[in-house]
Amino acid sequence: MKFSVFFLIFFSFFIVFAQTSLSDADRESLDQLIMDLTNASKGEKKLNDIKVWPGNSSIRVAVYPSEKVSYKYNLLKDGDTNRIYIDLIGVDASGFRLPDVKYDSFLKKIRLGKRENGIRIVIETGKVESYNVVEMEEPWRIVIDYYGEKIPEKVAEKAPEQIPEKSAVKAGPKEKQEIKKSETQTKKTEKTAAKTEIKAKKKKIIVIDPGHGGKDPGAISGKLYEKDVVFKLARKIEKLSKNYEGIEVKLTRNKDIFLPLEERAAIANAMNGDLFISLHANSFKDRNVGGMEIYHLDNTRDEYADKLARVENKISENVTLLDTILVDMTMSYYVGDSLKYSSEIGQGLKKNLQKYGVKIRGYNKGALFYVLVGARMPSLLFEVGYITNKTEKDLLQKDEYLESIAKSLLDSIAASKVK
Ligand SMILES: [Zn+2]
């Protein structure tokens, strides 16, 4: 506050002296600056940032006000153009510039308008099938996902019998329609067999997400941080992947930086990944508890998994918001393939890590991990062990052990039945 008042006085003097030599444009931007500072000194809530990640007929938008605010949102459907608006109550956005966004047939336009009691963000899109809204902490923000009706190309190319039974059973009317569509599209792709063959030989892109990073250390055990353990493992996977012809590994972060949760799946989407794996390490007060776990995104309400998800999610305690995630049809598309990968990787680890005496506590486990929400590909959260467990803490600091995990993981992906 003091700082802005000081600048206000400083610039007022500056203007008195400089006004005669200023061009109109300069004068305007100075006036704007003074207006911004005046508003800031009134203690109004400001709009700090809007981040937009366009995906394959999906959009993720994160809105960052300067503090927690009340908000309203709605979806207005009007033919081929849908309008989503978010009203932030009591927020001032004067001087705020919208980010440069590449518009396409799905993300058509973003506008920012003043309202009597705040501001309105309007996003014009193609047909929206579903959306979900989540409040996140540190800093407080709203993250909204919109999913269009176009199904991703990769799913469309699959033969109908390859669509896992489980997801077909779970599919609601919308999903069933999409599966039907994918059947027709498959017939189309058969005609262009040559083209498909070239695509089939394409490398599988595996996006590895080392959890946490930067200011967020994750779990801590003495001097050992979760963020460092998983980063070291991610590097090993990346390095070792050069030995696998059909696999290309990309990392969501390649240094010790902080990445908000919602950015991670968005990065994987931008990388056009075929599989997304977020790496984590667990902790518990009882040092005897240990073992590995592999999770996929699901609405299973298991008490243990719920607790773990809460630790990793950093989402405002609001069950109704978590429930809205279930609307995300992307989840049911990929749950079948995620399960297949989970079994294959889990069984591989069981066999290959036997000599270390590490327990594989479970795979094929579902939980609501926000980091996996919105990934347009099969996705897993891999808890590589307990850094609080005496044996595992030692092992997780050994190159040889991390390399064994990396190799087992890559072997399973290379041999996977998921195409
Ligand atoms: Zn974690």
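Both counts, for ligands and for their atoms, begin at 1 and track the order of listing. Sequential numbering from 1 along the given sequence is applied to the chain's residues. Hydrogens, waters and symmetry mates play no part in the numbers below; they use all other heavy atoms, side chains included. If you're wondering where the values come from, they're calculated on a predicted model, not measured in any experiment.
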> Of all N, O or S atoms in H280, which has the smallest distance to the Zn ion (ligand 1)?
Replying inline: ND1
>> When you measure from the side chain of S342 to the backbone of S338, do you find a donor-acceptor pair of N or O atoms at a distance under 3.5 Å?
In response: no
> Do side-chain atoms of E392 reach the backbone of V358 as a donor and acceptor pair under 3.5 angstrom?
Replying inline: no
> Relative to the Zn ion (ligand 1), which of the N, O or S atoms in E226 is the closest?
Replying inline: OE2
> Would you say E383 has an N, O or S atom lying under 2.8 Å from the Zn ion (ligand 1)?
Replying inline: no
> For R111, which residues count as a salt bridge (charged side-chain N to carboxylate O under 4.0 Å, His left out) partner, sequence neighbours excluded?
Replying inline: E124
> Does R141 have any salt bridge (charged side-chain N to carboxylate O under 4.0 Å, His left out) partners at least two apart in sequence or in another chain, and if so, which?
Replying inline: E262
